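As structure tokens, the structure follows; a few thoughts come after it.
Quick caveat: nothing in here was measured; it's all calculated off a predicted structure.
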Amino acid sequence: MQAKTIVAQFIADIQAQRTDEAKTLLVTEGFEYVGPNMRFLSPDDMLTYHFGMLAIQKDLILRQLSADGEHVFAILDYRTNFEPIGDVRLAVWFRVRGDKIQTIETFYNAAVVENMLGGNLPSVG
């Protein structure tokens with residue numbers, strides 16, 4: 001499967017709130033997620049955090065998906081039901097090795113999310 005297809009399926013699984021299916025697309029060893037104010041080295045930890053936000057997720061809109069070899073770039077609108085956050089635009093850089101996503105780096109305005117969580121964001125120590 002091509003990298004772009006793998007990432008498209010991962011995004012579709014996140015949008016449809018299919019945790020188990022999304023997890024199968026991530027490597028188990030050597031995984032890394034980096035966001036503006038958090039970092040996870042475990043797919044389980046990253047998915048637990050993100051799926052913990054499902055209560056506020058109204059929709060996830062894929063605006064653009066581009067690939068250059070193992071690098072896949074997505075532009076997304078994360079729409080929420082939580083007024084203090086509103087809608088968040090995301091730029092996400094995925095690196096796919098073989099048929100699994102190895103790294104995810106997310107870019108967004110983290111100040112709104114950080115303020116909502118009172119500065120208590122998860123990180124790897």
Side-chain angles (χ1 to χ4, degrees):
M1 206 176 336
Q2 291 190 357
K4 187 175 178 179
T5 305
I6 293 165
V7 170
Q9 184 60 55
F10 179 78
I11 292 169
D13 289 340
I14 297 292
Q15 180 183 37
Q17 303 178 10
R18 296 186 297 254
T19 310
D20 293 335
E21 291 86 345
K23 184 179 174 182
T24 67
L25 298 170
L26 303 173
V27 298
T28 55
E29 296 294 323
F31 175 81
E32 183 178 29
Y33 170 90
V34 178
N37 52 8
M38 64 187 72
R39 181 172 177 235
F40 299 103
L41 299 177
S42 158
D44 288 326
D45 291 345
M46 188 264 310
L47 288 171
T48 297
Y49 174 77
H50 283 290
F51 281 100
M53 302 287 280
L54 289 179
I56 66 167
Q57 180 179 316
K58 185 185 334 179
D59 203 358
L60 184 64
I61 307 296
L62 177 61
R63 296 174 57 198
Q64 177 71 37
L65 190 64
S66 304
D68 182 9
E70 69 181 15
H71 302 276
V72 181
F73 308 92
I75 304 297
L76 303 153
D77 286 334
Y78 181 75
R79 297 193 177 160
T80 77
N81 293 311
F82 191 68
E83 195 168 311
I85 292 179
D87 297 339
V88 179
R89 289 195 171 140
L90 309 168
V92 188
W93 174 19
F94 297 87
R95 280 167 278 173
V96 178
R97 297 278 164 88
D99 61 349
K100 303 278 186 180
I101 297 168
Q102 179 148 15
T103 62
I104 302 172
E105 193 165 349
T106 306
F107 305 87
Y108 58 91
N109 180 354
V112 176
V113 177
E114 190 169 314
N115 289 336
M116 177 196 74
L117 298 175
N120 296 319
L121 292 170
S123 65
V124 173

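In this structure, CD on Gln9 lies 10.5 Å from CD1 on Ile14, to the nearest 0.5 angstrom. A distance of 4.5 Å separates CZ of Phe94 from CD1 of Ile11, quoted to the nearest 0.5 Å. Rounded to the nearest 0.5 angstrom, Phe31 CZ and Leu41 CG are separated by 9.0 Å. Taking NE2 from His71 and CZ from Arg95, the interatomic distance works out to 7.0 Å, rounded to the nearest 0.5 Å. Summarising the geometry, atom CZ belonging to Arg39 is positioned 4.5 Å from atom CD belonging to Glu32; distances are rounded to the nearest 0.5 Å. From Met38, atom CE reaches atom CG of Asp45 across 12.0 Å, with rounding to the nearest 0.5 Å.
Looking at heavy atoms from C-beta onward, Thr103 lies out of side-chain contact with Arg97 at the 4.5 angstrom threshold. Put simply, the side chain of Ile6 reaches to within 4.5 Å of the side chain of Ile101, judged on heavy atoms. Proximity of Asp77 to Arg63: side-chain heavy atoms (C-beta onward) are separated by under 4.5 Å at one or more points. At a threshold of 4.5 Å between non-hydrogen side-chain atoms, the residues Phe73 and Gln64 do not count as touching. Residues Lys4 and Val7 fail the side-chain proximity criterion, which asks for heavy atoms closer than 4.5 Å.
Look at Asp59 and Arg79 and you find no salt bridge, because none of the NZ, NE, NH1 or NH2 atoms lies under 4.0 Å from a carboxylate O.
Hydrophobic cluster membership differs between Val72 and Phe107, with clusters built from Ile, Leu, Val, Met, Phe, Trp and Tyr side chains linked at under 4.5 angstrom. No continuous path of ILVMFWY side-chain contacts below 4.5 Å connects Val34 to Tyr49, so the two sit in separate hydrophobic clusters. Linking ILVMFWY side-chain heavy atoms closer than 4.5 Å, directly or via other members, places Val88 and Ile75 in two distinct hydrophobic clusters.
Listed here is the closest heavy atom pair of Ala3 and Gly69: CB-O, 3.6 Å. Of all the heavy atoms in Tyr108 and Arg89, the pair that sits closest is CB-O, 3.5 Å.
Judged purely by atom type and a 3.5 angstrom limit, Glu105 has no side-chain atom pairing as donor or acceptor with the backbone of Trp93.
The neighbour count for Gln17 CD, taken as heavy atoms of other residues, nucleotides or ligands under 6.0 Å away, is above 12. No more than 12 heavy atoms of other residues, nucleotides or ligands shown are found within 6.0 angstrom of NZ on Lys23.
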Query raised in the report: Stepwise, does the side-chain contact (heavy atoms from CB on, under 4.5 Å) test hold for Leu26 with Leu47?
Result: CA-CA 10 Å; Leu26 303 173; Leu47 288 171; 4.0 Å; yes
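Between the side chains of Thr106 and Tyr33, at least one donor-acceptor pair of N or O atoms lies under 3.5 Å.
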